[in-house]
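These figures come from a predicted structure and were not determined experimentally. A, B, ... follow the sequence lines: proteins, then strands. Residue 1 opens every chain.
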Amino acid sequence: MLTPNVKFPVVNMSRVPINELFDEYRFPSGWGAITLLLYSPLGLILVILRFFMGFHVYLVASILPQLTSLRSFILRVMSFTLGVAVRQENQGNRDKSVKIIVANHLTPFDHLAMHLIEGSVTPNTGGWPTALGEVVGVIDLGAKQGNESLIQNSANHLQKPSSATLFAQPEGASTNGKKGLLKFNPWPFSLGPSLTSVQPVALSVWRPGIADITPSPLASRQWVDLFWFLFVPFTLFTVRYLPCVQKKDDESEEEFAERVQNLIAAALSLSPTKYTVSDKLEHEKRYLIELERASLMASQSPSVTSIQGVNMRNRMRGPVPITAELQRMAHQVKEVLPHVPLDAITRDLARSRSVDVTIANILEGQVAFQAEPIQTAASTSVPLWKPEKPFSSTPGSSPSSSTTSLSSSLDTSAPTFPKTASERMLSFQQRKDRLIENARRRYIEKNGLKIAGYNC
Amino acid sequence: MAGSALRRLMAEYKQLTLNPPEGIIAGPINEENFFEWEALITGPEGTCFEGGVFPAKLIFPPDYPLSPPKMQFTCEMFHPNIYADGRVCISILHAPGDDPMGYESSAERWSPVQSVEKILLSVISMLAEPNDESGANVDAAKMWREDRIAFNRIAERIVRSTLGLPPP
C-alpha cells in the first residue's frame, strides 16, 4: 500500500510530545517582535475600522439568501476587507455530491473560511451565540448533548433536500498545525449508511511576516483570537481538497476516522497522534497552573537582601484564595517555625498574605497559640510559647534582672531594622563598637582605673 | 530547606537588632553568608567575668532551626564549660538524645522553640555559674573548685584583654 516515494509519516505516534502540538506564545521573538511593534499602530487602526465594518458584513450576510453564488462572492470580498482570505487548491478533487467535509482544526474561525467558499455549516461547539452563529455558518446540532445527538441531528440535517454541506473538524480542538493532528472523533464518519463518503480537506493558515502572530495559542480565548484576526493585515486560509474517500464495508467508524486522519496528516506532512481533546484540555490546565506557580515563585523567592521589598509586593497583590496556595505558604512557615500549629499559621496568613510577614508576626508575639510538640524534642516537655515576650529567657537566669543605673550604656538595639544588607552590616558594626566602647568606659569607672586616654 | 533557615535567621536577626537583651549583640558577620554570625556578650555583673565583652562565632546548620547552631568564642577563654579552642559545651546547643558529655541533665535542650537569644542568655548564665561536673576544660574546672582566687585573677585578665585594657 505504501510506496517509498510517498511521504506518509505514520511512524511511532507517541513520538510527538503533546506540548509540540500547540504554541504557547502568541507573539514572535527577535526581529519579528520589532516589525510587529512597528506595525502595531496600523494594526490598532485596522481593528477599529474592521470592528465597524463587521456590522455591515453581518447585515449583508443576514439579508442575502444562503447558498447563492452572489452572496458567496460579496461575502468573500467583504471578509477579505475584514482580514480573512481563502485560497482553494486542487479544486478538481472537490466532489459536489459529497456533503461532508472533514478538515483539521487550526483556529476558532476555520469554519468561517469554509463557509465563505462552500456555504457550509458546522455544528456549534465553540459557544457561538445563535444569532451570530447562523450568519457565519454555525448551527446548533446538539453537540453539547453528546456525540449521539450530534450524529442524529447531523444525519437529519443532511437528509433534507438542498441542505448545506456539513463541515466537520473531528479533532475537536485546534493545534498549531506544525507537528501533528489530534485523534479524530468518529462522529462525522458515523452518519449512517447513505453518508459514507467524506471530502477530506487539508487546511493551513498563513499570516504575513510583518505581523506573524500565532492565530490560536494554547489556553487562548476565542474573542482574543478574534481581536488579533482583526489586527493582522490578513490571515490566509489555504483549503486543499483531497480526493474523496468512502468507508469500506469491513471498516469500523473508528478505523475510517483513523484512515482519514492519516490522509490529512500526510497531505500536511504532520504526524497523526492518539492525543484527544481531553488530553489537550488536561495539558492546557497543567500549563496554566505552571504559569501561575512560576509567577508566584518569582514573587516569593527568599532573597535575603530584599525580604522587605517582597513583603510590600505580596501585600499589594490581590487577595489569596484559601486554597492550595495558602496551604503551601502555611507549610513554608511551618518549616521555619515547626512548633506553631498549622491552623494558627493559616489564620494569620489569611490576613497577612505573606510568608515573611506571618513569620515576623509570630516571632513578634502577635499570634497566640499553644506550641506543638516536635518530633525531635518529643521526650522533653515543650514549654508554652510566650507570645507577650518572644525568645525571652526565664527571669532568674537573665543577667538583665540585675541591672544597675549604668545599664543604658549597654543597650545594643537599633532604632530600625535597615532594609538593605549593607546598611544592616554597617549598623551591626557600629553597634558592636559602641558596646565595646561603653563596656570599657564602664569598667574603667567602676574599677577606678587610671589609664591614659580613658579618663574623663 | 536552606530557604526556611534563612527566613528564620532573618526574623531572629531583626528581633535581636530591634529588641536585644542588654549587653548582647548578634548578627551575620557578612550577609553574603547568613549562616555565620558573630555575637558579643557581656560578662554578668557580680561574677568574675563582669564587664568583659566576649566575642563568639555562631555557625548555623542548613536545617536550622531543626538542628542547633555551633558556638565558639573567638577570644581567649578560661572556663570549666568552654574548651581551650573556644567551643562552648552547654546543653541548649545539643538536641535531646545527643549527649556528648555523657550526662543527661534536666536543663534545656535544643529544640526549634529555642533561639539565638536564648542560647546567648544561657551562655551568660553559664559564665556566672559554671557547671564543674562537665569537664570541657579540666584545668579550669579544677581551679574553679580548688583555687577560686587564681581563677578570678585569670578571668580578670581575660576581661581586660577583651576591652583592650592592659592586664592588672
K.L.:
Could you report the tightest heavy-atom contact between A:Tyr443 and B:Arg160, atom names first, then the distance?
P.N.:
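Closest pair (atom of A:Tyr443, atom of B:Arg160, distance): OH-NE, 3.2 Å.
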K.L.:
Enter the distance from A:Leu410:CG to B:Leu40:CG here, rounded to the nearest 0.5 Å.
P.N.:
11.5 Å
K.L.:
Name the member of B:Asn30, B:Thr47, B:Thr162, B:Asn19 that forms the most heavy-atom pairs with chain A at distances under 4.5 Å.
P.N.:
B:Asn30
K.L.:
Is it the side chain or the backbone of B:Glu129 that comes within 4.5 Å of chain A heavy atoms, both, or neither?
P.N.:
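Answer is neither: B:Glu129 stays 4.5 Å or more from chain A.
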K.L.:
Check each atom of A:Phe428 against the heavy atoms of chain B and say whether the ones under 4.5 Å are side chain, backbone, both or neither.
P.N.:
both
K.L.:
When you look at CD of B:Glu36, are more than 12 heavy atoms from neighbouring residues, nucleotides or ligands closer to it than 6.0 Å?
P.N.:
yes
K.L.:
At what distance, to the nearest 0.5 angstrom, does CD of B:Glu38 lie from CD of A:Gln429?
P.N.:
7.5 Å
K.L.:
With a 4.5 Å limit on heavy-atom distance, are the side chains of B:Arg8 and A:Ile359 in contact?
P.N.:
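A side-chain contact is absent here, since even the closest heavy-atom pair is not under 4.5 Å.
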K.L.:
Considering only heavy atoms from C-beta outward, does the side chain of B:Val53 approach that of A:Lys432 to under 4.5 Å?
P.N.:
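They are not in side-chain contact.
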K.L.:
Considering residues, nucleotides and ligands other than B:Lys57, do more than 12 of their heavy atoms fall under 6.0 Å from its NZ?
P.N.:
no
K.L.:
Indicate the atoms forming the closest heavy-atom contact of B:Pro20 with A:Ser413, along with that distance.
P.N.:
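Closest approach of B:Pro20 to A:Ser413, heavy atoms only: CD-CB, 3.1 Å.
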K.L.:
At what distance, to the nearest 0.5 angstrom, does CD1 of B:Ile24 lie from CG of A:Asp411?
P.N.:
12.0 Å
K.L.:
Apply side chain to side chain contact (heavy atoms under 4.5 Å, CB included) to B:Met10 and A:Arg424, showing your working.
P.N.:
CA-CA 11 Å; B:Met10 192 61 161; A:Arg424 283 194 294 266; 3.3 Å; yes
K.L.:
Restricting to non-hydrogen atoms, name the atom on B:Leu165 and the atom on A:Arg440 that form the minimum distance, rounded to 0.1 Å.
P.N.:
CD2-CG, 3.9 Å
K.L.:
For A:Pro415 versus B:Leu18, what's the shortest heavy-atom pair and its separation?
P.N.:
O-CD2, 3.8 Å
K.L.:
Please identify, among A:Ser422, A:Ser427, A:Ala414, the residue contributing the most non-hydrogen atom pairs under 4.5 Å to chain B.
P.N.:
A:Ala414
K.L.:
State the CG-CD distance between A:Asn447 and B:Glu50, to the nearest 0.5 angstrom.
P.N.:
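The distance works out to 7.5 Å.
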K.L.:
Can you measure from OG1 (A:Thr412) to CD1 (B:Ile41) and round to the nearest 0.5 angstrom?
P.N.:
12.5 Å
K.L.:
Quick check for you: among B:Gly52, B:Ala128, B:Ala26, B:Gly43, which has the greatest number of heavy-atom pairs under 4.5 Å with chain A?
P.N.:
B:Ala26
K.L.:
Is it the side chain or the backbone of A:Ile436 that comes within 4.5 Å of chain B heavy atoms, both, or neither?
P.N.:
both
K.L.:
Heavy-atom distance under 4.5 Å to chain A: side chain of B:Pro55, backbone, both or neither?
P.N.:
neither
